[in-house]
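First up is the structure itself, then whatever we jot down about it.
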Amino acid sequence: MIHFISNRTELGSEIDAFVNKATVQDVYDYFRNKPEIQVDTETEGFDPYEDNVLLLQFGDFDNQFVIDTSTVNILNFKDLLEKKDKLYLLQNAKFDLRFFYHQGIWVPRVYDTFLAECILTTGLKNRQLALDALASKYANGKLNKAVRGEIHRGLSVRVINYAAEDVKYLSKIKTGQMAHLVDYGLARREDVNDKYTVLGLENRVVRAFAHMEYNGVGIDQDQWKETSAEIEQEFGYQRDKLDDLVIQSDRLGKFVPSYSQGDLFGFEKRKVTINYNSPQQKVQLLNLLGINVDSSADPILQKYQDRHPIVKELRELNKLSKLSSSFGYSLLEEAYKPQTGRFHPEYWQILQTGRISVKQPNTNQIPARGKFGPLIRKAFVGRPGWKIVGGDYAAMELRELAEFSQDPLWLKIFNEGLDLHTVLCAETFNIPESEVRNPYPKNPAITYRDIQKTINYGLAYGMSSKKLASTMNVPKEEAQKVIDGFFAKVPYVDQKLSKFGKFAMDKGYIKTAPPYGRIRWFPGHEKAWATQDSYTLGKIERAGMNTPIQGTNADITKLAMVNAFEDIEENNYPANIVLSVYDELQTEAEDSFAEEWKIRLEKHLVDAAQIIITSVPVIAECAITDHWDH
DNA sequence: TCCACGGGCGCG
DNA sequence: AAAGCGCGCCCGTGGA
C-alpha cells in the first residue's frame with residue numbers, strides 16, 4: 001500500500017482516491033521495530049547545492065511512504081535516517097547521501113544494491129546495473145523508469161506510484177544478491193557492513209565518497225590563473241620557435257605557403273599551415289625530415305630526437321599543448337563552482353580492478369611532474385584557516401609483491417629497510433652496489449639501476465622482453481637475458497606472478513588478496529581457449545598478474561578512507577577527505593587540528609595496509625602543507 | 001553540425 | 001607504440 005505525506009491543501013481527486021494519507025508519526029511508528037528501511041529520493045536535479053529534494057520515500061515490500069518534501073520539511077525525518085541500529089537500503093546511495101549531507105543528515109549504515117551488483121559483475125560485459133534491471137532480475141518486479149521525467153511537471157498518481165516502486169524491491173534485490181555475494185566470499189551474511197569484506201567495504205566507503213563529492217576540494221582561482229597564463233605564454237613561445245624551424249627547413253615547404261614569404265599578412269598571423277595537434281600532420285612532418293615512422297607518439301619522438309632539432313622542440317610543444325588544453329583555463333572554467341569556491345569531482349566507485357575513477361575533473365590525472373606539475377597542484381587548497389594534510393604509501397605495490405610471493409630476498413630487502421632497486425640491480429647484473437648508477441655499457445644513456453626500476457614496476461604488468469629491450473635500447477635477446485637473470489634471483493616472485501596469470505586464463509577470474517578476495521571476471525577466456533586466441537589470452541594473463549596488486553592497493557586505500565572518514569565523523573573533527581588518488585589520501589583540517597590529524601591519518605593508512613601486509617613494514621608518509629604538494 | 005572512434009597523454 | 005596494467009580528457013578525423 002502507498003502512503004502519502006503532504007501538507008498541500010488540495011491534492012486533486014485522483015490522488016485522493018489513489019493514496020492513503022499518512023503523517024510523519026505514522027512513518028516513525030511503522031519502522032520503529034524494523035531492522036531495515038528502503039530509502040530513495042526524487043530531486044529537481046543532480047546538484048545538492050542548487051536542487052531541492054521533491055520526494056523522500058521510505059518503504060518495504062508491503063508498504064511505501066512517499067513524502068512530499070516541498071511541503072513537509074525533510075528534517076522531520078533526520079532522526080529516522082540516523083538510526084544506528086537500522087540498515088538503510090538504497091540504489092546508488094552516493095546520489096541521495098549528497099542531498100542528505102546538504103541537510104546535515106548522516107545516514108549511518110548503508111546497503112547499496114547498485115554497488116553490490118557492481119561487485120558481483122566486475123569485468124562482465126553488458127551487465128545491467130539500473131534499478132529496473134535489478135528489480136526484474138531478483139524480484140520479478142517491473143518498474144517504469146519512463147515516469148521519472150514527469151516529476152518536474154508536478155505530482156500525479158503516476159509519479160507517486162513510480163516513487164513508491166523505487167523503494168519497493170530493494171530488500172528482495174538485497175536477498176538475491178546476498179546469496180551470490182556470500183557464495184563468492186564477497187560478503188558476510190551477519191554483517192553487510194563488515195569493512196573486511198568487499199561488500200562491507202564498499203557499503204561503508206560510499207558514505208565517504210558521497211561526502212567528498214558534496215564537500216569537494218578548495219581551489220585558489222588566482223593561483224590557477226597565474227599558472228595557466230604561464231603555460232599559455234610558454235606554449236606561444238614554443239610554437240613560434242617551432243614555426244621558425246619549419247620555415248627554415250628546406251624540406252618542409254609543404255607547410256609554408258608562398259604568401260608567407262612576402263609577409264603580406266599581419267604579424268600575429270602564423271606563417272605555417274601545420275597543425276601540431278594533428279597526429280597525421282606530425283607524422284607527415286617527420287617523414288619529410290627523413291624519419292620513417294607511422295606514429296608521432298612521444299616514445300617515438302624520443303627515439304629520434306637527435307635526428308633533427310625540430311623533433312626535440314615538437315616534444316616540448318606537445319607537453320605544453322597537453323597542459324594548456326587539459327589543465328589550463330578551460331578546466332577551471334568547466335569545473336569550478338563559484339558557490340563553494342571548489343571543484344566537486346564525481347567518483348565512479350568500482351572499476352575492473354576495484355580502483356575508482358574520477359571525472360569533472362579527473363583529479364587522478366592532475367600533473368605532478370615537470371615544471372608545471374607542482375604549480376598546478378599548488379592551486380588545490382584547504383578551506384580558509386585550514387591546512388592540507390596528505391599522505392601516501394611508500395612502494396605499496398612492491399610490498400604487496402613481497403607479501404604475496406614470500407620471496408626471501410624481496411622480504412629481506414623491505415625488512416632491513418634497504419633500497420629495493422639498488423639491491424636487486426646488483427643481484428640481477430652481478431655487480432657491486434656501488435656500481436649500480438654507472439651507465440649501462442650497451443646503452444650509456446641509462447644506468448643499471450634505471451633498468452632495474454623499469455623491471456621492478458613493469459614485471460607486475462606482464463612486461464615482455466620486447467618492451468624492456470626498447471626501454472633499454474638493446475636487442476631483445478639482451479633484454480631477455482636481463483629478465484632471466486633477475487627472476488633467477490627472486491624465483492618466488494616469478495612463480496607467483498605466473499601463477500596469477502595462469503589462474504586467470506584457466507578459471508576466467510582472479511581475486512585480490514585476503515581478507516577481501518575481490519573478484520574480477522574475464523568473460524572471454526573460454527572462447528579464447530577454443531579459438532587459440534593468444535592475443536586475448538595474453539591480455540587476460542597480464543591483467544591477471546596485475547589485478548591482485550592493483551586491486552589490493554585499491555582495497556587498502558578504501559579501507560584507509562573508511563578509517564579516516566569514520567574517525568572524523570565519530571569525533572566531529574574539523575577535517576574532511578578531499579582527494580583519493582590511487583595510494584594517496586589528501587585531507588583538509590583546521591589549522592589548530594592539523595598536527596593531531598596528521599598523526600591520526602598516518603595511523604589510519606598504516607592500520608589499513610597492515611590488514612593485508614603483515615610480512616614487511618608498511619610506511620605511510622604524511623605531511624601538512626598549505627596546498628596539495630605531492 | 002553532430003557523433004563515434006582512436007591517437008595521444010596526464011596520473012598511479 | 002608496443003605482447004605493460006588501470007583509468008578520463010583533449011583533439012583530429014571521417015562518416016552521416
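Residue numbering restarts at 1 for every chain, and letters A, B, ... go by the order of the sequence lines.
- At whole-Å resolution of the value, OH in A:Y461 and P in C:dA2 are 17 Å apart.
- As a whole-Å value, the separation of A:I540 CD1 from C:dG4 P is 16 Å.
- C:dA1 sits 14 Å from B:dG6 when the C1' atoms are compared, rounded to a whole Å.
- Considering only the side chain of A:K359, C:dC9 comes nearest among C:dC9, B:dG7, C:dG6.
- Judged purely by distance below 3.5 Å, without hydrogens or angles, the side chains of A:E334 and A:S330 never pair a donor atom with an acceptor atom.
- Dashed line: the shortest gap from a side-chain N or O of A:K466 to OP1 or OP2 of C:dG4 is not under 4.0 Å.
- Between C:dG4, C:dC11, B:dG10, one nucleotide has an atom nearer to the side chain of A:Q365 than all others, and that is B:dG10.
- Across the P atoms, B:dG7 and C:dA2 are found 7 Å apart, a figure rounded to whole Å.
- One finds no side-chain N or O of A:S278 lying less than 4.0 angstrom from the OP1 or OP2 phosphate oxygen of C:dC11.
- Counting non-hydrogen atoms under 4.0 angstrom, A:D294 reaches nothing in the nucleic acid.
- Under 4.0 Å is where a charged nitrogen must lie from a carboxylate oxygen, and between A:R342 and A:E588 at least one such pair does.
- Within the structure, every side-chain polar atom (N or O) of A:N275 is placed at least 4.0 Å from both OP1 and OP2 of C:dC11.
- Checking C:dA1, C:dC5, C:dG12 against every side-chain atom of A:A543, the shortest atom distance belongs to C:dC5.
- A:Q550 has its CD atom 16 Å from the P atom of B:dC11, to the nearest Å.
- Toward the 5′ end of DNA chain C lies the nearest nucleotide of A:A297, the other residue of the pair A:Q360 and A:A297 mapping further downstream.
- At a threshold of 4.5 Å between non-hydrogen side-chain atoms, the residues A:V217 and A:W628 do not count as touching.
- Rounded to whole angstrom, the span from the CZ atom of A:F343 across to the P atom of C:dC9 amounts to 13 Å.
- For A:S296, taking side-chain heavy atoms from C-beta onward, the closest of the listed nucleotides B:dG8, B:dG10, C:dG6 is B:dG8.
- For A:K322, the side-chain atoms get nearest to B:dG10 when compared with the rest of C:dT13, B:dG12, B:dG10.
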Derivation of the ring-ring contact (aromatic ring centres under 6.0 Å, His included) call for A:F404 and A:W410: CA-CA 11 Å; A:F404 300 165; A:W410 207 277; over 10 Å; no
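- Between A:S326 and B:dG10, a side-chain N or O to OP1/OP2 separation shorter than 4.0 Å is absent.
- Side-chain nitrogen and oxygen atoms of A:R369 include at least one within less than 4.0 Å of the OP1 or OP2 phosphate oxygen of B:dC11.
- A salt bridge links A:D298 with A:R315: the distance from a Lys NZ or Arg NE/NH1/NH2 to an Asp or Glu carboxylate oxygen falls below 4.0 Å.
- Going from atom CZ of A:F380 over to atom P of B:dC11 covers 13 Å, rounded to whole Å.
- The residue among A:D298 and A:L331 whose nearest nucleotide of DNA chain C lies closer to the 5′ end is A:D298.
- Looking at the side chain of A:N546, the nearest of the listed nucleotides C:dA1, C:dG4, C:dC5 is C:dC5.
- Proximity of A:V198 to A:Y184: side-chain heavy atoms (C-beta onward) are nowhere separated by under 4.5 Å.
- Between A:L398 and A:F414 there is a side-chain heavy-atom pair separated by less than 4.5 Å.
- Dashed line: the shortest gap from a side-chain N or O of A:N364 to OP1 or OP2 of C:dC7 is not under 4.0 Å.
- As rounded to whole Å, 9 Å separates atom P of B:dG10 from atom CG of A:N318.
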Please report the C-alpha distance between A:D243 and A:R270 in whole Å, then the side-chain angles of each, then the deciding distance to 0.1 Å, and finally whether the salt bridge (charged side-chain N to carboxylate O under 4.0 Å, His left out) criterion is met. CA-CA 8 Å; A:D243 284 355; A:R270 283 184 64 207; 3.0 Å; yes
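- Within the 4.0 Å cut-off from OP1 or OP2 of C:dC5, not a single side-chain nitrogen or oxygen of A:Q352 is found.
- With rounding to whole Å, A:Q302 atom CD is found 14 Å from B:dC9 atom C1'.
- Considering only the side chain of A:R542, C:dC5 comes nearest among C:dC9, C:dC5, B:dG7.
- Nearest nucleotide to the A:K467 side chain, out of C:dA2, C:dA1, C:dC7: C:dA2.
- Pair assignment for C:dG6: B:dC11, on the basis of Watson-Crick or G-U wobble contacts that are both within less than 3.5 Å.
- Rounded to an integer number of Å, the gap from CE of A:M396 to P of C:dG6 is 21 Å.
- Considering only side-chain N and O atoms, A:Q280 lies under 4.0 angstrom from the phosphate OP1 or OP2 of C:dG14.
- A donor-acceptor contact under 3.5 Å links the side chain of A:Y582 to the base of C:dG6.
- Here C:dA3 is the nucleotide among C:dA3, C:dC10, C:dG8 with the atom lying nearest to any side-chain atom of A:S464.
- In this model, a side-chain donor or acceptor of A:R355 finds a partner on the base of C:dG6 within 3.5 Å.
- Side chain of A:R520, nearest nucleotide from C:dC11, C:dC5, C:dA1: C:dC5.
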